[in-house]
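Reminder, nothing fancy here: chain letters follow the sequence lines and each chain counts from 1. Side-chain atoms are counted along with the backbone in the values below, which use heavy atoms only and exclude waters and symmetry mates.
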Number of protein chains: 2
Amino acid sequence: MRILIVEDEPRIAADIKTGLERGGYVADVVGDGETAWFQAEVESYDAMVLDLGLPRLDGLTVLRRLRAADRTLPVLILTARDGWRERVDGIDAGADDYLTKPFHMEELLARLRAILRRAAGQASPVLKAGPLELDTRTRDVSIAGRLVSLTALEYRLLAYLLHRQGQVVPPTELLDHLYDGASEREPNAIEAILTRLRRKLGAPVIETRRGHGYLVAADGAVS
Amino acid sequence: MRILIVEDEPRIAADIKTGLERGGYVADVVGDGETAWFQAEVESYDAMVLDLGLPRLDGLTVLRRLRAADRTLPVLILTARDGWRERVDGIDAGADDYLTKPFHMEELLARLRAILRRAAGQASPVLKAGPLELDTRTRDVSIAGRLVSLTALEYRLLAYLLHRQGQVVPPTELLDHLYDGASEREPNAIEAILTRLRRKLGAPVIETRRGHGYLVAADGAVS
DNA sequence: CACCGCCTGTCAGCGTATTGTCAGGGAGGA
DNA sequence: TCCTCCCTGACAATACGCTGACAGGCGGTG
């Protein structure tokens, strides 16, 4: 899961980035609305954390532009403590959620999980596919009840596929969502992680559709 | 739109009900968790406004039961002002949103609009032509209910024709759209793919218009 | 500061599915 | 009938995906 943080205060931005990375996400930071808009158009993110008070281009405007362009990217906005009017505007402009500053990192993570979950059309924070369970809160993964310990990337890969359960995910998309913007990777990197992940899982949860991509079946069944 | 309000304090419940009705919704009120659970099972609501502090059966429990039963009903929870821990639990239990008491009616309405909007926007893009169905999310193709497995190019060819359903597509255009700009192919390559595709489909879905191109009829019928 | 161990990206080799080309045949239109 | 255009089977080249091995990097530990 790759998140775009839009926050002009470097200190806060860095805190959020660290928090998100601890939470198992990949995050890019931009400091103004203009760049945010550009970045969101050009790169692919799974969600955006958006501060409303921004230089150059106001956060609400960024959000409205996104929605006007039919981009359904989940957006979590950050507002001042007593700005309920601001929050109502934000929600009507298409925000999926808000958080008032200052906030607990833990709450930001919970709300992020929630909007990501919703975007995937899921109701529960525990993602399931057949014998496989992935708890997004604790990041525990178990198969047939047995806990398996995954590395950061293995987890991200699996979580991403589960979020898009029932859909075929092309390898290029995985490349986009598993790594932040700073890095270039060979497509083979995905295959390597996948091999190791499959070995750990020990059950055929992840299907390959040659020429199309990878897939975790909606009910966990293998065709 | 019909909303279920779960709130044990009659005064607040009445306020919310009034507010929702002013906002154009229909609302029912129940005062305890047990009834809420029963009511949500028996009647059909478009969303639920759920107070967490409830007699008989706690709000969180109601929510978890709903989610355990795979009910995706949008739920907005009401929490105390400083209960961020409670909110995190609520969100992880599957709440779509929360609001801290006391709140502005206007904000409740905005958040309700938001979760209803979200719940509505989940349609699967499936292309159809007669007995043929192509699901762009899973890349599953089925004809008369029977799944057929297509290679990357067969899929692209079929998808392209379906996108332009009812129109005659010249082979040169297919050449342009199936391959990237760098490569030169014999026009025969298209014919070869088409032959294999037709054999897999087993039904005359793709017509040839000699001298013009290929066509998938708008209703899937063959003239 | 040095060491160690784990994580992870790259490379190369392998097996297999996919796909372009070729050549021959069939059908439609003039 | 003749000339195109299109279809199709066979085959070879290619691309794709999987895996084992290796090495650099990073963080933790003594």
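Comparing B:Arg196 and B:Glu191 against DNA chain D, the residue whose closest nucleotide sits nearer the 5' end is B:Glu191.
Within the 4.0 Å cut-off from OP1 or OP2 of C:dA17, not a single side-chain nitrogen or oxygen of B:Thr151 is found. Of the side-chain N and O atoms in B:Tyr179, one or more sit less than 4.0 angstrom from OP1 or OP2 of C:dG20.
Using a 4.0 Å heavy-atom distance criterion, A:Thr208 is classed as a sugar-phosphate-only contact. Here A:Arg210 lies in heavy-atom contact (under 4.0 Å) with a base.
Atom pair A:Ile190:CD1 and C:dT8:P shows a separation of 12 Å (rounding to whole Å applied). Regarding B:Leu150, its CG atom lies at a distance of 10 Å from the P atom of C:dT18, rounded to whole Å. When the P atom of C:dT19 is taken as reference, atom CG of B:Leu194 falls 14 Å away, rounded to whole Å. Rounded to an integer number of Å, the gap from A:Glu186 CD to C:dA12 C1' is 13 Å. One can place CZ of A:Arg199 at 14 Å from P of C:dT8, the figure rounded to the nearest angstrom. The CG atom of A:Leu175 sits 9 Å away from the P atom of C:dT10 (whole-angstrom rounding). Rounded to whole Å, atom C1' of C:dG28 lies 13 Å from atom NE2 of B:His212. If you measure from atom CG of A:Asn188 to atom P of C:dC14, you get 16 Å, rounded to the nearest angstrom.
With respect to the salt-bridge test (charged N to carboxylate O, under 4.0 angstrom), the residues A:Glu7 and A:Lys101 qualify. Taking a cutoff of 4.0 Å between a charged side-chain nitrogen and a carboxylate oxygen, A:Lys17 and A:Asp28 do not qualify as a salt bridge. Ion pairing between A:Arg2 and A:Asp176 fails under the 4.0 Å rule for side-chain N and carboxylate O. Looking at B:Asp46 and B:Arg113, no side-chain N of the basic residue comes within less than 4.0 Å of a carboxylate O on the acidic one, giving no salt bridge. Remark: B:Arg111 engages B:Asp97 in a salt bridge, criterion side-chain N to carboxylate O under 4.0 Å. A salt bridge links A:Glu207 and A:Arg209; the closest N-O separation between the charged side-chain nitrogens and carboxylate oxygens is under 4.0 Å.
For DNA chain D, the contact window with chain B, defined by any atom under 4.0 Å from a protein heavy atom, covers D:dT4 to D:dG9 in 5' to 3' order.
For B:Leu153, the listed nucleotide lying nearest its side chain is C:dT19; candidates were C:dT19, C:dT10, C:dT21.
At a cut-off of 3.5 Å, with distance as the only test, no side-chain donor of B:Tyr214 or B:Glu191 sits close to an acceptor on the other residue.
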